[in-house]
Amino acid sequence: MANTSTTELLEALAAEIGESVYIDIAKWHLYLSDAKLHTTVAEKLYPLITAKGISEDKVIAALESIPVKIGGGRKEIYLIDLLPLQCQVTLVDIVEKYQREI
């Protein structure tokens, strides 16, 4: 992955996030790719990867800054509030893996 372009890295990161991380609503799992949130998450986390500044706190802060519209846009809930703890851990692991590989 050392010679990949920014676009390719973002696409790969978004794809892995989309397939591995899900929103849990009433015990239903909606993967971020199905919710069309995987690219947004990847774009928020990419600067952390390139700056070699990954920490769980920074990933959580990024998730806290991503609003998710519900009820046809009548309300917004931040993504952090929709992810189970295991998905947060998975997301940190994915980001750390990408940081090691670039």
Side-chain angles (χ1 to χ4, degrees):
M1 224 184 260
N3 293 325
T4 58
S5 73
T6 300
T7 303
E8 291 170 333
L9 181 65
L10 264 172
E11 288 175 357
L13 177 62
E16 188 163 350
I17 289 170
E19 294 172 1
S20 305
V21 180
Y22 58 84
I23 295 170
D24 186 325
I25 301 174
K27 298 185 182 182
W28 285 75
H29 295 173
L30 177 63
Y31 283 85
L32 294 188
S33 59
D34 296 328
K36 309 286 190 256
L37 292 168
H38 59 300
T39 303
T40 301
V41 174
E43 289 170 349
K44 284 279 189 178
L45 297 176
Y46 180 76
L48 299 177
I49 293 170
T50 58
K52 305 288 186 189
I54 295 297
S55 73
E56 184 175 352
D57 291 340
K58 289 180 180 178
V59 172
I60 295 205
L63 295 172
E64 289 173 338
S65 72
I66 300 172
V68 178
K69 293 183 184 218
I70 60 170
R74 291 184 304 179
K75 296 215 182 234
E76 286 185 352
I77 298 176
Y78 289 99
L79 186 56
I80 189 72
D81 296 322
L82 298 170
L83 296 180
L85 184 57
Q86 183 55 47
C87 285
Q88 293 173 34
V89 171
T90 300
L91 186 56
V92 171
D93 291 343
I94 291 168
V95 173
E96 286 175 343
K97 178 184 94 170
Y98 274 79
Q99 186 178 50
R100 284 190 305 271
E101 292 179 359
I102 63 166

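Remark: side-chain polar atoms of E19 are not paired, donor with acceptor, to backbone N or O of E16 under 3.5 angstrom. In this structure a side-chain-to-backbone donor-acceptor pair under 3.5 Å is missing from S20 to I17.
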For this session: List the steps, then state whether side-chain contact (heavy atoms from CB on, under 4.5 Å) holds for T40 with L79.
Result: CA-CA 11 Å; T40 301; L79 186 56; over 6 Å; no
For this session: Could you walk me through whether L45 and L91 pass the side-chain contact (heavy atoms from CB on, under 4.5 Å) test, one step at a time?
Result: CA-CA 10 Å; L45 297 176; L91 186 56; 3.8 Å; yes
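Closest of all the heavy-atom pairs between G18 and S33 is O-OG, 3.1 Å. Residue K44 comes nearest to S65 through the heavy atom pair NZ-OG, 3.3 Å, listed as atom of the first residue, atom of the second, then distance.
Of the inter-residue distances, the one linking L82 atom CG with I70 atom CD1 reads 7.5 Å to the nearest 0.5 angstrom. L30 CG to K36 NZ: the interatomic distance, rounded to the nearest 0.5 Å, is 9.5 Å. The distance from the NZ atom of K97 to the CZ atom of R100 is 8.5 Å, given to the nearest 0.5 Å. Distance check, rounded to the nearest 0.5 Å: SG of C87 to CD1 of I94 gives 9.0 Å. A distance of 12.0 Å separates CD in E76 from CG in D81, rounded to the nearest 0.5 Å.
In this structure the side chain of Y98 never reaches within 4.5 angstrom of the side chain of I54, judged on heavy atoms. With contacts defined as side-chain heavy-atom distances shorter than 4.5 Å, the pair L10/E43 qualifies. Side-chain contact check for L85 versus Q88: some heavy-atom pair is nearer than 4.5 Å. No side-chain heavy atom of V92 sits under 4.5 Å from any side-chain heavy atom of I60. For the pair Y31/V21, no side-chain contact is recorded, criterion being any heavy-atom separation below 4.5 Å from C-beta on. The closest side-chain heavy-atom distance from I23 to L37 is below 4.5 Å. In this structure, K69 and R74 have side chains that are not in contact, with every pair of non-hydrogen atoms separated by 4.5 Å or more. Side-chain atoms of H29 and D24, non-hydrogen and from C-beta on, do get closer than 4.5 Å to each other.
Cluster annotation: V89 is not connected to L13 through the hydrophobic network of ILVMFWY side chains, with a link wherever side-chain heavy atoms come within less than 4.5 Å. Placement of Y22 and V95 in two distinct hydrophobic clusters is found when ILVMFWY residues are connected by side-chain heavy-atom separations under 4.5 Å, directly or transitively. Cluster annotation: Y78 is connected to V41 through the hydrophobic network of ILVMFWY side chains, with a link wherever side-chain heavy atoms come within less than 4.5 Å.
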